[in-house]
Chemist: 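Take a look at the following structure, please.
Throughout, residue positions are numbered sequentially from 1 according to the sequence presented. Bear in mind the structure is a predicted one, so any value in this text is a computation, not a measurement.
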Amino acid sequence: EDKIMNKFFQNTCKPQGAVGKLMVTMMNKGHAGLAGWGLSHLALRDGMDILDIGCGGGANLAAMLLAAPQINAVGMDYSSVSVEKSRQTNNAAVRAGRCRIIQGDASALPFEGNSFDLITAFETVYFWPELDSCFRQVCHTLRTGGIFLICNEESDPENDRWSKLIQGMTIYSGEDLKDRLEKAGFADVSYEYEEKRHWLCITAKKA
């Protein structure tokens with residue numbers, strides 16, 4: 001039973017196969033509250049170019065595309081199952097040419113510098129290898145004045161329940177992430193906790 005549960009939760013890292021398909025559907029629903037809170041920290045406006053790294057099942061992309069009907073969005077995930085689900089979730093926007101979903105890795109962003117006004121990362125930086133290098137790439141990919149938003153459901157490194165259960169997961173505090181972001185070249189880094197649920201939202205601006 002423990003092995004089955006471990007395999008199930010390991011799919012949060014990189015959804016695969018039939019279990020992965022179930023996981024991304026659950027993520028779209030289960031993370032809606034966190035995502036809504038995170039998105040409330042953003043000022044979306046028409047004409048923006050947006051990248052969602054670790055887009056999962058595509059629900060957050062759909063919310064942003066709905067909030068500002070003239071934005072252009074790219075979703076990226078390193079799970080082929082997530083890419084397929086995200087394309088289904090955003091089918092109309094993909095067909096209209098407003099949204100593109102690609103398979104890719106946060107440690108090797110396949111974009112030129114100054115490509116996006118906003119980059120988001122919901123429930124995903126836990127799994128990014130060489131986090132400081134990833135943050136430098138995100139900064140490079142943003143336009144000057146662009147915003148990077150991180151939204152995590154868990155923010156207490158001492159609460160290692162999930163990191164013990166899911167291989168390759170690291171939980172970061174707001175202070176740790178702020179320090180790393182500033183070293184990566186970001187300015188105006190601020191974070192907010194939703195104390196009751198340990199949620200964390202960070203916004204950082206490319207100077």
Side-chain angles (χ1 to χ4, degrees), residues 31 34-56 58-78 86 90 93-94 96-153 155 172-194 199-207:
H31 293 162
L34 172 77
W37 178 70
L39 289 170
S40 73
H41 293 78
L42 295 176
L44 293 170
R45 63 183 188 278
D46 285 339
M48 291 179 91
D49 292 306
I50 291 175
L51 169 65
D52 185 27
I53 303 176
C55 63
N60 300 327
L61 276 172
M64 289 187 281
L65 286 160
L66 186 65
Q70 300 301 318
I71 65 171
N72 294 297
V74 178
M76 190 186 85
D77 203 287
Y78 78 160
S86 196
N90 294 283
V94 170
R98 292 182 53 223
C99 181
R100 193 161 55 97
I101 316 290
I102 64 169
Q103 192 166 359
D105 195 312
S107 63
L109 294 180
F111 308 103
E112 293 182 2
N114 308 305
S115 292
F116 297 99
D117 303 294
L118 169 67
I119 296 179
T120 58
F122 292 89
E123 287 283 273
T124 178
V125 298
Y126 315 117
F127 307 114
W128 291 8
E130 298 180 17
L131 188 63
D132 298 332
S133 171
C134 291
F135 282 174
R136 286 193 297 271
Q137 289 187 56
V138 169
C139 192
H140 174 71
T141 306
L142 275 170
R143 293 177 180 137
T144 301
I147 298 294
F148 179 34
L149 172 104
I150 297 171
C151 208
N152 286 349
E153 198 166 25
S155 57
Y172 301 96
S173 69
E175 196 57 44
D176 185 9
L177 289 173
K178 182 177 188 285
D179 184 54
R180 290 168 182 268
L181 288 162
E182 287 172 347
K183 285 176 179 172
F186 287 95
D188 299 333
V189 182
S190 62
Y191 61 90
E192 182 182 340
Y193 286 115
E194 206 284 355
W199 290 354
L200 170 68
C201 183
I202 295 187
T203 54
K205 183 182 284 189
K206 180 174 178 176

Chemist: Is the shortest heavy-atom distance from the side chain of M76 to the side chain of P110 under 4.5 Å?
Modeler: yes

Chemist: Minimum heavy-atom separation for G54 to D77, with atom names?
Modeler: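 Heavy-atom minimum between the residues: C-OD2, 3.3 Å.
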
Chemist: Is there side-chain contact between E194 and L34, with heavy atoms separated by less than 4.5 Å?
Modeler: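 They are not in side-chain contact.
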
Chemist: How long is the straight-line distance from CZ of R136 back to NZ of K183, given to the nearest 0.5 Å?
Modeler: 11.0 Å

Chemist: Rounded to the nearest 0.5 Å, what separation is found between the CH2 atom of W128 and the OG atom of S107?
Modeler: 10.0 Å

Chemist: Identify, with sequence neighbours excluded, every residue that meets side chain to side chain contact (heavy atoms under 4.5 Å, CB included) alongside V74.
Modeler: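 Scan of V74 (side chain to side chain contact (heavy atoms under 4.5 Å, CB included), adjacent residues dropped) gives L51, R100, I102, F111, F116.
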
Chemist: Test of understanding: with ring pair (Phe, Tyr, Trp, His ring centres under 6.0 Å), list the residues that count as partners of F148, not counting sequence neighbours.
Modeler: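 Result, ring pair (Phe, Tyr, Trp, His ring centres under 6.0 Å) vs F148: F135, F186.
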
Chemist: Could you tell me whether the side chain of L200 reaches within less than 4.5 Å of the side chain of L177, counting heavy atoms only?
Modeler: yes

Chemist: Of all heavy-atom pairs between Y78 and Q103, which one has the smallest distance, and what is that distance?
Modeler: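 Scanning both residues, the minimum pair turns out to be O-NE2, 3.3 Å.
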
Chemist: With D132, which residues qualify under side chain to side chain donor-acceptor pair (under 3.5 Å), at least two apart?
Modeler: R180

Chemist: Does D117 use its side chain to pair, donor to acceptor, with the backbone of D49 at less than 3.5 Å?
Modeler: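 Such a contact is found between D117 side chain and D49 backbone.
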
Chemist: Taking side chain to side chain donor-acceptor pair (under 3.5 Å) as the definition, give me every residue that meets it alongside D52, ordered by chain and number, with sequence neighbours left out.
Modeler: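 T120.
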
Chemist: Can you give me the closest heavy-atom contact between A207 and A187, atom names plus distance?
Modeler: CB-CB, 4.0 Å

Chemist: Checking the side chain of N90 only, and the main-chain atoms of G58 only, is there a donor and an acceptor separated by less than 3.5 Å?
Modeler: yes

Chemist: Can you find a pair of side-chain heavy atoms, one from K206 and one from N114, that are under 4.5 Å apart?
Modeler: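 When only atoms from C-beta onward are counted, N114 and K206 do touch, with a gap below 4.5 Å.
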
Chemist: Where do L181 and A204 come nearest, in terms of heavy atoms and distance?
Modeler: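 Scanning both residues completely, I find the closest heavy atoms to be CD1-CB, 4.2 Å.
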
Chemist: Are P69 and D46 side-chain neighbours, meaning at least one heavy-atom pair lies under 4.5 Å?
Modeler: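 Yes, at least one pair of side-chain atoms sits under 4.5 Å.
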
Chemist: Could you work out, with ring pair (Phe, Tyr, Trp, His ring centres under 6.0 Å) as the rule, every residue matching H140, not counting sequence neighbours?
Modeler: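 By the ring pair (Phe, Tyr, Trp, His ring centres under 6.0 Å) rule, H140 matches no residue at all.
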
Chemist: Can you name the side chain to side chain donor-acceptor pair (under 3.5 Å) partners of S190, sequence neighbours left out?
Modeler: T203

